Structures are given as C-alpha cells and as structure tokens.
Amino acid sequence: MKKLLLMAVLGVFTFLNANVNAIVSILPQQTFLKAIGGDKVNIALMVKPGNSPHTYEPKPSQMKDISAADIYFSIDVEFEHVWLERFQNQNRSMKIVDISKGIQKEAMSSHSHGDKHNHDYHKKTKKDPHIWTSPNNVKKIVQNIYNELVKIDKKNKTYYKSNLDKFLKHIEKTDNEIKTILKDIPKDTKFMVFHPAWGYFATQYNLIQLAIEIEGKSPKPKDLAYILEEAKEENVKAIFTQPEFSDKIAKTIAKQLNIKVIKTSPLSPKWNKNLIKFATAIANK
C-alpha cells in the first residue's frame with residue numbers, strides 16, 4: 001500500500017514538473033527557444049553543426065525524438081519541405097508550428113545570365129528562408145515561440161513572459177549596436193556573398209548583397225566574368241562564405257580581386273554576436 005502511494009505521489013510530482021518536449025530545425029532556433037523556454041523546455045535539434053538545412057536527412061536517433069515530442073517549431077528551411085509530413089505521420093499528436101508566421105518573405109536574389117544592365121541580371125528566385133538574420137524578424141520569431149508555449153504550458157506563462165521581455169531588450173540592444181557599426185556606411189552599400197543568406201539583414205540596414213551562387217549552383221565562366229566586373233565597380237572589400245559550402249570559387253574570385261574571404265555562417269548559435277561580427281566586417285572595421 002505504501003509503495004503504491006509513493007508511486008502515485010511520484011507520478012503527480014513528475015506530471016507537475018514535466019517539461020515541454022520541443023524540436024527545432026536549426027541552431028538559431030535553438031538559441032531563441034532556449035531564451036524563452038529556459039529550463040521548462042527540452043530541446044532537440046535536427047540540423048547538427050556543419051550540416052546544411054537545404055539537404056539534411058535526419059538520423060534514426062532523431063526520429064525517436066520526434067516520437068516523444070509535444071511540438072515542432074518549423075522555420076521553412078528546405079529539408080522541412082520533405083520531412084515535416086513524415087514527422088507528422090510518425091507522431092500524430094505532435095503539434096507543428098511555423099514560427100515565421102507574420103514575417104514578409106523576400107525572394108532570394110542571384111546573378112543571372114546575360115548583360116548586367118538587363119533588368120533580369122539580379123534575378124529573383126524562390127523565397128529566402130533565412131529570416132533570422134534580421135533583428136526585426138527575430139522579434140516576431142520569439143513572440144511566436146512565446147505564443148505557442150503558453151498555449152501548451154499555461155501554468156508557466158509568467159515565466160515565459162519574463163524571458164520574452166528580457167530577450168526583446170537583448171534584440172533591441174543588438175540592433176542598436178549594429179546601427180552604430182554601420183552608421184558611416186552609405187545607403188545601398190553592396191557586399192558580396194557566395195550563398196545569398198543575408199537578404200533580410202541587407203533589407204533592414206539598407207544594404208545590398210551580391211550573390212555568387214546562381215539558384216544553388218556555381219556560376220558558369222560567362223557569369224563569373226560579370227560578377228568580377230561588378231565587384232570591381234562596387235569596390236567590394238571581401239567575399240563572405242559559409243562553412244557549410246565549398247569556398248573554392250570564392251577563393252578564385254578573391255584572388256583575382258585581391259580581397260579577403262571571410263567565413264561566417266548564418267546558422268551560428270551565437271545569433272547576436274554573429275550579426276555584430278558580420279556588420280563589423282562589412283564596415284571594414
């Protein structure tokens with residue numbers, strides 16, 4: 001009898017202290033969810049460091065995380081288009097929430113074939129999923145996270161709200177620091193990237209990214225010539241590449257232009273420090 005009573009008490013204790021089991025796709029999401037959820041949320045990450053969310057395939061062990069999850073916070077990165085339906089089929093009770101809700105998606109831009117003075121030279125392609133490179137967007141992302149957490153864990157609403165308010169101040173501080181770094185940079189200053197992952201950052205701070213990659217493919221010699229010509233005209237100081245992609249072509253361009261290759265990933269978990277470092281490099285400070 002005592003044993004049964006003890007088990008019942010322990011069961012109630014476990015229920016009262018049960019954390020939300022959540023899954024995220026990429027490292028920046030993990031940073032945002034941890035900031036709001038704190039020690040009330042268990043977080044499993046899909047795309048491990050060094051991998052690309054464009055082509056990622058989950059491991060069998062990660063499918064076990066799916067089976068135990070209460071909620072999946074999606075963000076519309078490419079691998080989700082293939083896998084989210086499979087995740088839902090594996091765990092019908094898991095809620096899937098798109099935390100990009102309320103954010104105006106932009107088209108990814110890239111160089112296209114032909115005369116650069118043609119209106120189609122900077123071609124608009126599919127929607128850009130890298131929404132977290134803009135502090136303004138991150139405010140909406142964490143608000144969406146908060147809204148969902150309080151729906152499934154109402155008893156900790158005050159805790160989540162306190163964390164949200166604290167992180168919103170952190171975002172504002174980051175934004176102000178970036179503005180200070182870029183204050184002497186002329187409007188529409190251009191920076192060169194291999195993969196066009198910084199469009200939302202460029203939009204928020206009145207910059208323009210020049211992408212080497214063409215719809216996920218390396219440029220052909222003809223396109224490369226246009227890219228080199230424009231980089232010279234715009235006096236580009238560096239090329240930004242990601243560790244997740246080959247930097248062979250970027251190095252070739254950098255050598256011809258006698259400029260730096262700077263590796264930086266939009267997937268860094270140190271979200272604010274990464275944006276500040278990126279702004280500093282653009283400002284050539």
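Just so it is clear, the structure is predicted and the values come from calculations on it, not from any experiment. Just so it is clear, the values below take in all heavy atoms, side chains as well, and ignore hydrogens, waters and symmetry mates.
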Exercise for review: Under the side chain to side chain contact (heavy atoms under 4.5 Å, CB included) rule, what do I208 and F191 come out as? Steps first, then yes or no, please.
Suggested key: CA-CA 6 Å; I208 298 173; F191 60 92; over 6 Å; no

Practice item. Carefully, step by step, assess T133 and V138 under the rule side chain to side chain contact (heavy atoms under 4.5 Å, CB included). Key: CA-CA 8 Å; T133 61; V138 175; over 6 Å; no

Review point. Please walk me through it: do I23 and I66 pass side chain to side chain contact (heavy atoms under 4.5 Å, CB included)?
Key: CA-CA 7 Å; I23 311 266; I66 293 292; 4.2 Å; yes

Point to revise | Working for salt bridge (Lys or Arg N to Asp or Glu O under 4.0 Å), residues K151 and E148 | key: CA-CA 5 Å; K151 285 179 185 177; E148 293 302 324; 3.3 Å; yes

Check your understanding: Given L210 and V236, is the side chain to side chain contact (heavy atoms under 4.5 Å, CB included) satisfied, shown in steps?
Key -> CA-CA 10 Å; L210 303 177; V236 169; 4.2 Å; yes

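Side-chain N or O atoms of E177 include none that pairs as donor or acceptor with a backbone N or O of I276 at under 3.5 Å. In this structure, the side chain of N91 engages the main chain of A69 through a donor-acceptor pair within 3.5 Å. In this structure, the side chain of E230 does not engage the main chain of Y226 through any donor-acceptor pair within 3.5 Å. Although no hydrogens or angles enter the test, the distance criterion places a donor-acceptor pair under 3.5 Å between the side chain of Q62 and the main chain of M46. The backbone N or O of K140 lies less than 3.5 Å from a partner atom in the side chain of N144, making a donor-acceptor pair. Put simply, the side chain of T189 gets close to the backbone of P186: a donor and an acceptor are under 3.5 Å apart. Side-chain atoms of Q30 do not come within 3.5 Å of backbone N or O of I43 as any donor-acceptor pair.
Hydrophobic clustering of Ile, Leu, Val, Met, Phe, Trp and Tyr side chains at less than 4.5 Å, counting indirect connections, unites L45 with L33. Follow the hydrophobic side-chain contacts under 4.5 Å out from V97 and you reach Y146 in the same cluster. L267 and I262 fall within the same hydrophobic cluster, defined by Ile, Leu, Val, Met, Phe, Trp and Tyr side-chain heavy atoms under 4.5 Å apart, directly or through other members. Both V24 and I99 sit in one connected hydrophobic cluster of ILVMFWY residues. Membership requires side-chain heavy atoms under 4.5 Å apart, directly or through other members. Residues M94 and V20 share a single hydrophobic cluster, defined by chaining ILVMFWY side chains whose heavy atoms lie under 4.5 Å apart.
Separating the OG1 atom in T158 from the NZ atom in K155 is a distance of 12.5 Å, to the nearest 0.5 Å. Within the model, atoms CH2 of W83 and OG of S25 stand 12.5 Å from one another, a figure rounded to the nearest 0.5 Å. Rounded to the nearest 0.5 angstrom, E85 CD and I96 CD1 are separated by 9.5 Å. Separating the CD atom in Q104 from the OG1 atom in T203 is a distance of 11.0 Å, to the nearest 0.5 Å. Distance check: N206 CG to K187 NZ gives 5.5 Å after rounding to the nearest 0.5 Å. For the atom pair CD of Q209 and CD1 of I282, the computed distance is 9.5 Å after rounding to the nearest 0.5 Å.
Under the 4.5 Å side-chain criterion, counting only non-hydrogen atoms from C-beta, L84 is in contact with Y72. A 4.5 Å side-chain heavy-atom check between N163 and F167 finds every atom pair outside the cut-off. The closest side-chain heavy-atom distance from P266 to F278 is not below 4.5 Å. Here the side chains of L168 and V142 are in contact, with some heavy-atom distance below 4.5 Å. Contact annotation: the side chain of I253 approaches that of L228 to within less than 4.5 Å [non-hydrogen atoms, C-beta and beyond]. Residues P135 and Y205 form a side-chain contact, since some pair of their non-hydrogen atoms from C-beta on lies under 4.5 Å apart. Using a 4.5 Å heavy-atom cutoff, the side chains of I239 and K260 are not in contact. Side chains of N137 and F201 form no contact here, defined as non-hydrogen atoms less than 4.5 Å apart.
For W198 and F240, the ring centers are positioned 6.0 Å apart or more. A distance of 6.0 Å or more separates the ring centres of H81 and H54.
Across all their heavy atoms, L27 and P49 have their closest contact at CD1-CG, 3.8 Å. In this structure, A254 and V261 approach most closely via the heavy-atom pair CB-CG2, 3.4 Å. P53 approaches V77 most closely through the heavy-atom pair CB-CB, 3.9 Å. Summarising the geometry of K237 relative to I259, their closest heavy-atom pair is O-CB, 3.3 Å, with the distance given to 0.1 Å. Nearest approach of A197 to Q242, heavy atoms of both residues: CB-OE1, 3.4 Å. Across every non-hydrogen atom of P58 and M63, the tightest pair is CB-SD, 4.1 Å.
Other residues, nucleotides and ligands contribute over 12 non-hydrogen atoms within 6.0 Å of the CD atom of Q90. For NZ of K105, the number of neighbouring non-hydrogen atoms (other residues, nucleotides, ligands) closer than 6.0 Å is greater than 12. Heavy atoms of other residues, nucleotides or ligands lying less than 6.0 angstrom from NZ of K277 number 12 at most. More than 12 heavy atoms of other residues, nucleotides or ligands lie within 6.0 Å of NZ in K59, so this atom counts as buried by the packing criterion.
Exactly one residue among L149, N21, N19 makes a side-chain contact (heavy atoms from CB on, under 4.5 Å) with V41. That residue is L149.
In this structure, a donor-acceptor pair under 3.5 Å is absent between the side chains of N136 and Y200. With no hydrogens or angles considered, no side-chain donor-acceptor pair links E78 and T55 at under 3.5 Å. Side chains of S100 and D98: a donor-acceptor N/O pair is present below 3.5 angstrom, by distance only. A side-chain donor from one of Q143 and N147 sits under 3.5 Å from a side-chain acceptor of the other. For N274 and S265, the side-chain atoms include no donor-acceptor pair closer than 3.5 Å.
Note on residues 28-48: pairs passing ring-ring contact (aromatic ring centres under 6.0 Å, His included), not counting sequence neighbours, are F32-W271.
Contact check on D76 versus K127 returns no salt bridge, with no Lys/Arg side-chain nitrogen under 4.0 Å from an Asp/Glu carboxylate oxygen. One finds no salt bridge joining K169 and E172 here, because no Lys/Arg side-chain nitrogen approaches an Asp/Glu carboxylate oxygen to under 4.0 Å.
Both the sub-6.0 Å distance and the 45° axial angle are satisfied by K40 relative to the ring of Y159.
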In residues 178-185, what donor-acceptor pairs under 3.5 Å come from side-chain atoms, sequence neighbours left out?
unit_1: K179; atom_1: NZ; unit_2: D175; atom_2: OD2; d: 3.3
unit_1: T180; atom_1: OG1; unit_2: N176; atom_2: O; d: 3.0

